[in-house]
**Q** 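Following this message is one structure expressed as structure tokens.
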Protein chains: 2
Amino acid sequence: MTATTRRTEPLVFEPVKQNRNFEVVVQVVRDKMMRGELQPGDKLPPERELAKQLDVSRNVVREALRILENAGLVVTKKGAYGGAFVSEGSATQMSQVLSDLIMLNAIKVSDLCEARTLLLEMIIDQIKRRESIPDLTALDANLAETEEAVAARDSARRVAVARDFYHQIAELTGNTALVYTTDAQTELTQTFLQFRIGDMAPEVLLNSRRSFIEHLRAGRFDEAKEELRAHLDRVHTGLWDRS
Amino acid sequence: MTATTRRTEPLVFEPVKQNRNFEVVVQVVRDKMMRGELQPGDKLPPERELAKQLDVSRNVVREALRILENAGLVVTKKGAYGGAFVSEGSATQMSQVLSDLIMLNAIKVSDLCEARTLLLEMIIDQIKRRESIPDLTALDANLAETEEAVAARDSARRVAVARDFYHQIAELTGNTALVYTTDAQTELTQTFLQFRIGDMAPEVLLNSRRSFIEHLRAGRFDEAKEELRAHLDRVHTGLWDRS
DNA sequence: TTTCATGATTGGTATTACCAATAGAAGAAC
DNA sequence: GTTCTTCTATTGGTAATACCAATCATGAAA
């Protein structure tokens with residue numbers, strides 16, 4: 001096996017994995033965040049300064065910032081004392097990912113609705129497993145807000161309050177992952193529903209909410225679950241025939 | 001209220017919401033995808049051409065492409081006959097989002113592990129609800145592959161086969177949303193585990209897999225669930241003390 | 001004290017130029 | 001004619017420069 005040997009299947013070298021520069025920049029920032037050197041609220045250097053420090057063009061820095069921004073890791077503000085700031089987390093990104101998967105026909109809307117129902121049922125099961133009556137202060141407050149929004153015919157607020165309703169249910173588990181997942185699902189579903197918000201008769205909504213909360217308060221978790229499922233079925237109906 | 005009236009609290013106009021150009025470009029492409037004018041495999045025009053058509057600079061187009069690429073909607077290839085191609089969906093983006101949320105301390109690793117366990121238990125419940133013995137061909141094949149990988153001491157393959165194991169379980173529900181969620185969770189967990197893959201004794205792993213599958217085959221869903229939970233507890237143990 | 005102008009900072013966009021990888025086409029060697 | 005090599009056009013990746021536009025602190029002016 002000399003150096004001049006001709007081979008059809010020659011040495012297999014490492015892939016070398018030539019990363020593009022902006023990917024390296026993204027990784028550098030991610031690392032700083034992971035090490036805690038960059039925390040939520042911190043400000044990154046200005047683009048020109050960052051480019052100089054990393055010895056790349058400002059173009060590269062900007063493309064990296066777009067990726068970080070899109071990932072929800074930083075937000076950018078213009079003007080003096082502006083810049084790229086490390087962000088807090090939010091469920092928006094997760095919701096966007098799911099939306100994209102639906103767009104690519106990788107996920108069916110009907111499946112997503114079913115998953116949402118199952119997720120919320122699972123959450124009720126989790127609360128039940130605690131074997132203690134949960135603190136329903138937040139849900140009571142939410143119900144009051146719902147009544148106000150309905151009375152005021154403020155559909156925008158109705159949507160916001162509905163989002164908070166499911167958020168508060170997820171909060172009862174104390175599991176942050178479940179909270180974010182729930183928020184993402186709710187946000188996405190509401191995106192698809194959009195204008196259809198007002199379709200449901202107010203009294204049906206309020207009755208469902210009231211009986212759900214009362215079931216929980218009385219420790220009737222299975223009945224609460226059933227009420228929730230029935231409500232979600234009503235909301236989801238007619239969603240997946242449209243796409 | 002004449003035109004010359006001076007007011008400290010003047011007319012409140014619409015926010016105008018001045019979108020940045022690259023955001024507009026992203027939206028244009030997203031719309032085309034949503035309308036089906038762009039389907040997986042299709043090729044976008046070259047950057048220079050796209051810039052000319054949309055009457056923006058190539059910089060703007062590139063920043064938009066970074067966003068689309070990062071969202072998993074397109075992949076970019078260099079060289080002649082290269083370009084940006086509309087992608088198939090994958091669970092990688094969802095996994096990345098969860099990872100970022102952990103990095104921002106918005107989600108605790110322990111919560112994510114618990115959520116994963118709950119998700120898989122829920123999936124078993126779903127299979128049980130079908131009241132028919134599921135098709136276990138894929139899981140049987142997976143077991144055989146696991147045995148091979150263990151015998152060959154091929155840890156990379158062990159990881160890949162493990163990912164497929166959970167994927168196949170999720171597939172049994174026929175719910176695409178659950179499949180993607182499961183894949184994302186698995187991928188993320190494996191990212192955190194990394195080197196710790198070989199820690200588990202091979203016979204423990206294989207025994208767990210075998211008894212899980214046999215439980216399913218015999219319709220003992222609750223026992224299968226219990227076996228799975230025990231296995232996941234073993235895998236997850238020691239994960240969340242480290243971060 | 002309040003209001004307004006100003007200027008410095010910083011992100012957003014445009015333009016130009018060149019490098020580097022890729023795949024097909026053309027040509028050379030057999 | 002077949003196979004291999006080389007060439008070349010295409011296209012993404014990077015750099016550099018210039019200018020616009022928003023923002024906020026500062027200080028002047030009323």
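Note: hydrogens, waters and symmetry copies are ignored here, and every other heavy atom, side chains too, is used.
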**Q** Round to the nearest Å and state the distance from Leu54(A) atom CG to dA15(D) atom P.
**A**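 It works out to 11 Å between those atoms.
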**Q** Taking atom types as modelled, find out whether Glu69(A) and Thr76(A) have a side-chain donor-acceptor pair closer than 3.5 angstrom.
**A**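 Judged by distance alone, the side chains do pair up.
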**Q** Quick one: does any side-chain atom of Ser95(A) pair with a main-chain N or O of Ala91(A) as donor and acceptor, under 3.5 Å?
**A**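 Flag not set: sc Ser95(A) to bb Ala91(A) has no pair under 3.5 Å.
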**Q** Rounded to whole angstrom units, what separation is found between the OH atom of Tyr81(A) and the P atom of dT10(C)?
**A**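 After rounding, the gap between these two atoms is 9 Å.
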**Q** Write down the distance between CZ (Arg58(A)) and P (dT17(D)), rounded to a whole number of angstrom.
**A**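 Spelled out: CZ on Arg58(A) to P on dT17(D) is 13 Å.
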**Q** Please tell me which of Ser57(A) and Gly82(A) maps to the more 5' nucleotide of DNA chain D, matching each residue to the nucleotide holding its nearest heavy atom.
**A**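 Nearer the 5' end of the strand: Ser57(A).
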**Q** Has Arg62(B) got a side-chain N or O lying under 4.0 Å from the OP1 or OP2 atom of dG13(D)?
**A**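 Looking at the OP1 and OP2 atoms of dG13(D), one of them is under 4.0 Å from a side-chain N or O of Arg62(B).
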**Q** What nucleotide among dG12(D), dT13(C), dG11(C) has an atom nearest to a side-chain atom of Val60(B)?
**A**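 For Val60(B), the side-chain atoms sit closest to dT13(C).
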**Q** Assuming nearest nucleotide by heavy-atom distance, tell me which of Arg48(A) and Lys78(A) is located more 5' along DNA chain D.
**A**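 The residue closer to the strand's 5' end, by nearest nucleotide, is Arg48(A).
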**Q** Between the opening five pairs and the closing five pairs of the helix from dT1(C)-dA30(D) to dC30(C)-dG1(D), how far apart are the helix axes, to 10°?
**A**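 About 10° separates the two local helix axes.
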**Q** Expressed in angstrom and rounded to an integer, what is the separation of Leu65(B) atom CG from dT11(D) atom C1'?
**A**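 In whole Å, dT11(D) C1' and Leu65(B) CG are 12 Å from each other.
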**Q** Could you please name the option among dA14(C), dT13(C), dC24(D) that lies closest to any side-chain atom of Arg20(B)?
**A**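 Within the option list, the nearest is dT13(C).
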**Q** Would you find a donor on one side and an acceptor on the other, under 3.5 Å apart, between the side chain of Asp111(B) and the backbone of Thr176(A)?
**A**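 Pair found, side chain donor or acceptor close to backbone of Thr176(A).
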**Q** In whole angstrom, what separates Glu69(A)'s CD from dG11(C)'s C1'?
**A**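 Glu69(A) atom CD is separated from dG11(C) atom C1' by 11 Å.
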**Q** Given atom CG of Asn59(B) and atom P of dA17(C), what is their separation to the nearest angstrom?
**A**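 Spelled out: CG on Asn59(B) to P on dA17(C) is 15 Å.
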**Q** Run the side chain to side chain donor-acceptor pair (under 3.5 Å) test against Lys43(A) and tell me which residues pass, sequence neighbours left out.
**A**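 For Lys43(A), no residue satisfies side chain to side chain donor-acceptor pair (under 3.5 Å) once neighbours in sequence are set aside.
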**Q** Hey, could you give me the CG/CE distance between Leu104(B) and Met34(A), rounded to the nearest 0.5 Å?
**A**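 Nearest 0.5 Å value for the CG-CE distance: 10.5 Å.
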**Q** Are the side chain of Glu114(B) and the backbone N or O of Asn175(A) linked by a donor-acceptor pair below 3.5 Å?
**A**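 Absent.
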**Q** What is the distance, to the nearest angstrom, from the CG atom on Asn21(B) to the C1' atom on dT13(C)?
**A**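 Rounding to the nearest Å, CG of Asn21(B) and C1' of dT13(C) are 7 Å apart.
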**Q** Output yes when a side-chain donor or acceptor of Asn59(B) lies under 3.5 Å from a complementary backbone atom of Asn59(A), and no otherwise.
**A**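 Side chain of Asn59(B) to backbone of Asn59(A): no pair is present.
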**Q** Specify the separation, in whole Å, of atom CD of Glu47(A) and atom P of dA22(D).
**A**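 Nearest whole value for this atom pair: 16 Å.
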